[in-house]
Amino acid sequence: MTLTLEDRAAGCLVGAAVGDALGGPVEGWSPDQIAQRHGGRVHGIVGPWYEDWRTARPIAPYHKGDGHVTDDTLMTHALVRVYEAVRDHLDAYAVAEHLVPDLMTNPRWIPELEARALPLQRIFLAEKWIVSRLHYGHVDPREAGSGNIVNCGAAMYMAPVGIVNAGNPAGAYAEALDIAGAHQSSYGREAAGVFAAAVAAACRPGATASSVVDTALALAKDGTREAIAAVCEAAARHRDFESALAPLRAAVAPYDSVGPDYRSPSLGARRPSRLHAIEELPIALGMLVVSDGAYEGSVLGAVNYGRDCDSIATMAGAICGALAGVSAVPPAWAKEVAEASRLDLHAPATALAAVAREGFARDRDRRRAHEAAFTSIAGAR
């Protein structure tokens, strides 16, 4: 059966949100700590790590767990709304003109706060940076990401770029790099481009986990490419996430600047470098390889890996959903996440697919105009 663009968009965005919700409650912990807390590996939606989550440190005041999505999904849906407004490809200026005002002025239901609030009140400092730099600092949007900490903040919400450029990974890579310039620099920005490209590659008919990784490697630069190669080489030796957890961590460790203690980053953490990579994207791709693109195995592997596992599972879920469509996402998980988070998980995908179709029509017209102009300039042969 040939999957439609709408099915792949739904698979991508619903898959990302479900992965995010599954990973949220165990974010920041190690695989051993997760297994000890839950009496074994996590195999579905679980409750908060601490029952007194409102006051417990380092969790407070967020209700992580019970099917609540985190800032990964909030930012992903915010980017979809920018696409809905622009109805074409985006650049860094679209972040300044549309995303920043949306974060600052439109109250929404924030699942982890169990209240309506401005998204700006939920996102972390690395994301607040774009508001400070663009709204208050009036920095050129193309350069605003310089100086921010280098992390997965921009990459985590770039799945929509892959859908708008479905089947065109190079286009997704370039567009995501432009958008992410308003938010990140160095390997954080690079990861945004490669993640968007992976989603676009997953949308190709006949795509597989291997073909997605090959595309990522063909486009990735510097430490990001080396980290993906190392992790996926290690992942190829495993067929279940349990046995892969430690080897994948060992493979990415030389490139991950955070260091072994996730909650106490090393001195060199999150600084620009051509040698380093964010941890999240290589591990997401590695879990994709381990599970041969299967949604549950990839996402549960990401969740049980720990550390920044909500973002890892968001990326793994988005790619797997784009590969296999929304039917790959367990319906019971999707239903529980939608209800618990008070979100329509399908509406953003429907809207994004419509924008992608409009954007492709514009691309076709622009390409034909270029062909005509170039033929006139160069002379017909």
Side-chain angles (χ1 to χ4, degrees), residues 89-92 95 126 129 140-162 164-204 207 209-236 248 251-258 268-289 308 311-312 314-316 318-319 322:
H89 295 289
L90 305 182
D91 57 18
V95 175
W129 174 272
D140 182 333
R142 295 164 295 192
E143 303 171 355
S146 297
N148 197 2
I149 65 169
V150 182
N151 69 356
C152 78
M156 71 183 186
Y157 63 95
M158 287 294 146
V161 184
V164 169
N165 291 276
N168 180 15
Y173 176 78
E175 185 168 339
L177 286 179
D178 196 340
I179 295 168
H183 188 163
Q184 281 277 310
S185 68
S186 190
Y187 56 92
R189 186 181 184 188
E190 175 68 12
V194 178
F195 174 45
V199 171
C203 291
R204 285 175 165 169
S210 294
S211 70
V212 169
V213 171
D214 287 346
T215 297
L217 289 171
L219 290 167
K221 309 296 188 294
D222 298 331
T224 298
R225 187 191 186 284
E226 297 304 314
I228 292 171
V231 170
C232 290
E233 181 181 355
L248 264 59
V252 81
Y255 307 95
D256 163 42
S257 68
V258 173
R270 298 166 179 160
R271 298 185 181 187
S273 166
R274 293 187 64 184
L275 302 178
H276 289 124
I278 65 164
E279 179 177 20
E280 295 83 355
L281 178 60
I283 296 299
L285 290 170
M287 289 302 176
L288 192 77
V289 171
D308 192 15
S311 294
I312 300 171
T314 293
M315 295 179 193
I319 297 168

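One-based numbering along the sequence shown.
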Can you see which heavy atom on [X] is nearest to which on [Y], and at what distance?
{"X": "A230", "Y": "Y255", "value": "CB-CE1, 4.0 Å"}
{"X": "R204", "Y": "G167", "value": "NE-O, 3.4 Å"}
{"X": "A182", "Y": "A144", "value": "O-CB, 3.5 Å"}
{"X": "A235", "Y": "G286", "value": "CB-O, 3.3 Å"}
{"X": "C232", "Y": "V213", "value": "SG-CG1, 3.7 Å"}
{"X": "M158", "Y": "A176", "value": "SD-CB, 4.0 Å"}

Answer yes or no: is there a side-chain heavy-atom contact under 4.5 Å between [X] and [Y]?
{"X": "E226", "Y": "D222", "result": "no"}
{"X": "L90", "Y": "D178", "result": "no"}
{"X": "V95", "Y": "I179", "result": "yes"}
{"X": "R225", "Y": "L217", "result": "yes"}
{"X": "D308", "Y": "E279", "result": "no"}
{"X": "S210", "Y": "V289", "result": "no"}
{"X": "N165", "Y": "H89", "result": "yes"}
{"X": "L281", "Y": "V194", "result": "yes"}

Enter the distance from [X]:[atom1] to [Y]:[atom2] here, rounded to the nearest 0.5 Å.
{"X": "Q184", "Y": "R270", "atom1": "CD", "atom2": "CZ", "answer": "10.5 Å"}
{"X": "L288", "Y": "I283", "atom1": "CG", "atom2": "CD1", "answer": "12.5 Å"}
{"X": "R271", "Y": "S273", "atom1": "CZ", "atom2": "OG", "answer": "11.5 Å"}
{"X": "Y187", "Y": "C152", "atom1": "OH", "atom2": "SG", "answer": "11.0 Å"}
{"X": "S146", "Y": "W129", "atom1": "OG", "atom2": "CH2", "answer": "8.5 Å"}
{"X": "K221", "Y": "L177", "atom1": "NZ", "atom2": "CG", "answer": "8.0 Å"}

Please name the residue in the list E190, H276, R189, R274 that meets the side chain to side chain contact (heavy atoms under 4.5 Å, CB included) test with T224.
E190
Go through E280 and M315 one step at a time and tell me if the side chain to side chain contact (heavy atoms under 4.5 Å, CB included) criterion holds.
CA-CA 8 Å; E280 295 83 355; M315 295 179 193; 4.0 Å; yes
Look only at the side chain of S211 and the backbone of A207, and say whether a donor-acceptor pair between them is shorter than 3.5 Å.
no
Is there a donor-acceptor pair closer than 3.5 Å between any side-chain N or O of N148 and the backbone N or O of A126?
yes
Under the side chain to side chain contact (heavy atoms under 4.5 Å, CB included) criterion, do I319 and F195 qualify, and how do the steps go?
CA-CA 9 Å; I319 297 168; F195 174 45; 3.9 Å; yes
